[in-house]
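Have a look at the structure below, then the notes.
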Amino acid sequence: MTVRTRIAPSPTGAPHIGTAYIALFNYAFAKKNKGQFILRIEDTDQQRSTPESEQAIFDALRWVGMAWDEGPDSGGPMGPYRQSERMETYRQYGRELVDKGAAYPCFCTAERLNELRQKQMEDKATVGYDGHCAGLPSDEVARRIAAGEPHVIRMKVPSSGECIFKDRLRDEIRIPWAQVDHQVLLKSDGFPTYHLANVVDDHLMQITHVIRGEEWISSTPKHVLLYQLFGWQPPEFIHLPLLRNPDKSKLSKRKNPTSILYYQRAGFLPAAIRNYLGLMAYSLPDGREFFSLEDLVETFDIDRVSLGGPVFDVQKLQHFNAEYIRAMPPADLLKELKAWALNDEVWLKVLPLAQPRLEQLSDVMDKTSFLFTDRLRYEAAALIPGEMDGLEVAKLIKAAQWLLEVPGAWDTDTVRQVFERIAETKALKLKKLLPIFFVAMAGSTVALPLFDSMVLLGRDMVLRRLQYALDMLDETGVSLKGKTLKKFEKEFQSDYAGS
RNA sequence: GCCCCCAUCGUCUAGUGGCCUAGGACGCCGGGUUCUCAUCCCGGUAACACGGGUUCGAACCCCGUUGGGGGUGCCA
């Protein structure tokens, strides 16, 4: 049987560096075994999935060199590879389970479920569905469905015993069935949940090895049960340790840049990123620390994966990146620079902004350098206009960060609207508000037009610079963290509700 | 709370019972080369979480404790 692995990202935000990490191991394992590596888009969350995010995932994964053999864009024999296009399939398999008595319609409202959860937490009991709708008489079920009452399909789970499955890196894992919830398989909007879609697709797409993050270990029993119910051969499970922040928590954008696009924009080379990621939880058998993707594939041995969660250390990544840059002939470096940002296309966007401000050609670097750099140098005090205090500024920056990270269009109008909205909500003149952001984006209140600059910097770099600004304020003792942050979050939600 | 996973320098890791007075890399510190800086070279700092076993012998095997992480959603 040919080895087939997959990466299955959800298009709900910026393409995550952790996705690249998991993709790399899936890729290396598939290629080492002369198999195929598949990209599948898991867009079953209709609320949060966006086409922009999907496109960004394609671009980012391609950029880091994770060439997939089959995928939504390139097609393949077992498509479609976008779950929103496979609705009929999930519906059928969902019905099969209901017919078999392995799943049942559930009419419980969100309110009831919340109350239930609340109560269970108070009682310190295991949190989970109480089976309220599991025993509904079939005529009542038929009647309520016919009446168009919203419902989900839930999976029946044994109430005793334990699920035993094998993880290639950990050997046997045992989880009591009592710990496994009656998982929703089909949501009330007709979309499947991850659990159903992932099992159905992995089977239909003949995935032989599921290599994913260890956050999935606790829901693996649900998957194992589904394979059993369908009478399918489950794939081999291989759970990789999660990338961590310096404080060891799961890698998150608040504590570390996580968008692949940020790393691209900041001038990291794909080869260096691949190399560095290949060192996360892994080492080559011969101990080499510099290696190409081909080297990794050739010598790849998944059983060498180590299980301690690796801290993603940007400083070490930087070291590898530097080594790659220095090893390059200048002509190649020039090519990289052109591919990165120093090309006609970029300059033709930048120049219209700079041109009115040029007196000599030699002014051009001075006027535009902030658009090409990663970390800006400025004094934290520069962020704080005379009449404001630090915390006030931090809150404005945080609000902008929250408003700007919402996926969707990224153009001058969108950006402008965000700042107009902040100004309006806070009853501030735009003129008072913007200097903060000029400094955060350009390091100075004297710069090219702000909104256009932000569009050119790209969402990921903009969010990164806002984070830098917050970090700098933090260093001066302006702390928007913990309780203060929680409190502000509520404030923010009520301030910016609706509109 | 309950369930699961994990545990070697600050960080990434090598190490699968004797080769370990634990090796490499990043970082940090000191020195050298260089018109400056960076590079480069040399040196240094620093770890087997703890307690019990098993064994002639444990970083490596077993148990417990502690610590960290994840899960506990009509998110993935």
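Sequence lines set the chain letters: A, B, ... in the order given, protein chains first and strands last, and positions in each chain run from 1. Computed from heavy atoms alone, side chains included, the values below leave out hydrogens, waters and symmetry copies.
Under the 3.5 Å distance criterion, with hydrogens and angles disregarded, no donor-acceptor pair is assigned to the side chains of A:Ser249 and A:Arg244. In the model, A:Thr12 has no side-chain atom that pairs as donor or acceptor with a side-chain atom of A:Asp45 under 3.5 Å.
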Pull out every protein N or O sitting under 3.5 Å from an N or O of nucleotides 34-44 of chain B, one pair per line with the distance.
none

Would you tabulate the nitrogen or oxygen pairs shorter than 3.5 Å linking the protein to nucleotides 74-76 of chain B?
residue	atom	partner	partner atom	Å
B:rC74	O2	A:Ser188	N	2.9
B:rC74	O2	A:Ser188	OG	2.8
B:rC74	N3	A:Ser188	OG	3.1
B:rC74	N4	A:Cys108	O	3.4
B:rC75	OP2	A:Lys187	NZ	2.5
B:rC75	O2'	A:Asp45	OD2	2.9
B:rC75	O2'	A:Arg48	NH2	3.1
B:rA76	OP1	A:Thr44	OG1	2.7
B:rA76	OP1	A:Lys187	NZ	2.8
B:rA76	OP2	A:Tyr194	N	3.2
B:rA76	O3'	A:Glu42	OE1	3.2

Taking only nitrogen or oxygen atoms into account, show me every contact under 3.5 Å that the protein makes with nucleotides 6-15 of chain B, one pair per line with its distance.
residue	atom	partner	partner atom	Å
B:rC12	OP1	A:Val311	N	3.0
B:rC12	O2'	A:Leu279	O	2.8
B:rC12	O2	A:Lys316	NZ	3.2
B:rU13	OP1	A:Ala281	N	2.2
B:rA14	OP1	A:Ser283	OG	3.4
B:rG15	OP1	A:Arg304	NH1	3.4

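Going from atom CD of A:Gln118 over to atom P of B:rG73 covers 12 Å, rounded to whole Å. Rounded to whole angstrom, the span from the CE atom of A:Met155 across to the C1' atom of B:rG73 amounts to 14 Å. Look at CD on A:Glu111: it is 16 Å from P on B:rG73, rounded to the nearest Å. A straight line from CD1 of A:Ile173 to P of B:rG70 spans 17 Å, rounded to a whole angstrom. Summarising the geometry, the separation between CZ on A:Phe320 and C1' on B:rG27 is reported as 13 Å, rounded to the nearest angstrom. Following rounding to the nearest Å, A:Asn245 (CG) and B:rG69 (P) show an atom-to-atom distance of 10 Å. In this structure, A:Leu243 atom CG and B:rC5 atom P are separated by 21 Å, rounded to whole Å. Atom P of nucleotide B:rC5 and atom CD of A:Glu172 are separated by 11 Å, given to the nearest angstrom.
In this structure, A:Trp232 has its ring center under 6.0 Å from that of A:Tyr93.
Using atom C1' as the reference point in both B:rG15 and B:rA38, the two lie 35 Å apart (nearest Å). Taking atom P on both nucleotides, B:rG73 is separated from B:rU66 by 26 Å, rounded to a whole Å. B:rU13 sits 14 Å from B:rA59 when the C1' atoms are compared, rounded to a whole Å. Separating the P atom of B:rC9 from that of B:rG68 is a span of 15 Å, rounded to the nearest Å. Taking the P atoms as reference points, B:rG27 lies 40 Å from B:rU65, given to the whole Å. Taking atom P on both nucleotides, B:rG44 is separated from B:rA22 by 13 Å, rounded to a whole Å. Taking atom C1' in both B:rC4 and B:rU11, one finds a spacing of 26 Å when rounded to whole Å. Separating the P atom of B:rA49 from that of B:rG43 is a span of 29 Å, rounded to the nearest Å.
The side-chain tip of A:Arg154 points at the ring of A:Tyr129 from less than 6.0 angstrom away and within 45° of straight on.
Salt-bridge formation is detected for the pair A:Glu54/A:Arg82: a Lys NZ or Arg NE/NH1/NH2 atom is positioned less than 4.0 Å from an Asp or Glu carboxylate oxygen. Using a 4.0 Å cut-off between charged nitrogen and carboxylate oxygen, A:Asp286 and A:Arg288 count as a salt-bridge pair. Ion pairing between a basic and an acidic side chain is recognised when a charged N comes within 4.0 Å of a carboxylate O; A:Arg6 and A:Asp201 show no such pairing. Salt-bridge formation is detected for the pair A:Glu215/A:Lys250: a Lys NZ or Arg NE/NH1/NH2 atom is positioned less than 4.0 Å from an Asp or Glu carboxylate oxygen. With respect to the salt-bridge test (charged N to carboxylate O, under 4.0 angstrom), the residues A:Arg62 and A:Asp73 qualify.
Between the side chain of A:Asp181 and the backbone N or O of A:Gln183 there is no donor-acceptor pair closer than 3.5 Å. Here the side chain of A:Tyr276 pairs no donor or acceptor atom with the backbone of A:Gln318 at under 3.5 angstrom. Panel note: side chain A:His16, backbone A:Ala14; no donor-acceptor pair is recorded below 3.5 Å.
Pairing of B:rC35, defined by two Watson-Crick or G-U wobble distances under 3.5 Å, is not identified with any nucleotide. Within the shown strands, B:rG18 is the pairing partner of B:rC56 under the Watson-Crick or G-U definition, both distances less than 3.5 Å. Under the Watson-Crick or G-U wobble criterion, with both distances below 3.5 Å, B:rA47 is left unpaired in every strand shown. Applying the Watson-Crick and G-U wobble criteria (two distances, each under 3.5 Å), B:rG10 pairs with B:rC26.
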For A:Arg86 and A:Asp43, what are the C-alpha separation, side-chain angles and deciding distance, and is it a salt bridge (Lys or Arg N to Asp or Glu O under 4.0 Å)?
-> CA-CA 11 Å; A:Arg86 304 169 62 79; A:Asp43 56 347; over 6 Å; no
